[in-house]
*Asks:* 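First, the structure itself, so that you have it in front of you.
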Amino acid sequence: MKATVVTKAPNGAWVVMSGAVLLAGPFDDSSSAWRWLDRYEGEPVSRGEQTAEFVFRKMWVTP
């Protein structure tokens, strides 16, 4: 199994890699890259964000 990591590219941008495969990026800062990785793995970033997404789904997605 390949590890998914956040790393800094030679050009100074932050990227998300799985082995030698670029999954996402470039990002301006490491926190944006980690946020993307959390969402990719299905983890809510914070309780507030989880609540906001629940409300959004109820208001806009569910008919």
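By convention here, the first residue in the shown sequence is residue 1.
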*Asks:* What residues, two or more places apart in sequence or in another chain, satisfy ring-ring contact (aromatic ring centres under 6.0 Å, His included) together with F54?
*Replies:*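 Not a single residue meets the ring-ring contact (aromatic ring centres under 6.0 Å, His included) criterion with F54.
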
*Asks:* Kindly indicate whether the side chain of V6, heavy atoms from C-beta on, has any atom under 4.5 Å from the side chain of W36.
*Replies:*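 Sidechains of W36 and V6: no contact.
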
*Asks:* Check the pair L23 / Y40 against side chain to side chain contact (heavy atoms under 4.5 Å, CB included), numbers first and verdict last.
*Replies:* CA-CA 10 Å; L23 294 179; Y40 176 75; 4.2 Å; yes

*Asks:* Taking side-chain contact (heavy atoms from CB on, under 4.5 Å) as the test, write out the residues that go with A13, two or more places apart.
*Replies:*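 Partners of A13 under the side-chain contact (heavy atoms from CB on, under 4.5 Å) test: N11, P26.
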
*Asks:* Going by the rule side chain to side chain donor-acceptor pair (under 3.5 Å), which residues pair with D29 if we only count those two or more places apart in sequence or in a different chain?
*Replies:*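 Partners of D29 by the side chain to side chain donor-acceptor pair (under 3.5 Å) criterion, ordered by chain and then number, come out as S31, S32.
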
*Asks:* To the nearest 0.5 Å, how far apart are CH2 in W14 and CG in L37?
*Replies:*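 Those atoms lie 13.0 Å apart.
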
*Asks:* How close do T7 and M17 get, heavy atom to heavy atom, and via which atoms?
*Replies:*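 Residues T7 and M17, closest heavy atoms: CG2-CG, 3.8 Å.
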
*Asks:* A side-chain contact here means heavy atoms from C-beta on lying under 4.5 Å apart; do F27 and V15 qualify?
*Replies:*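 Contact flag for F27/V15 side chains = no.
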
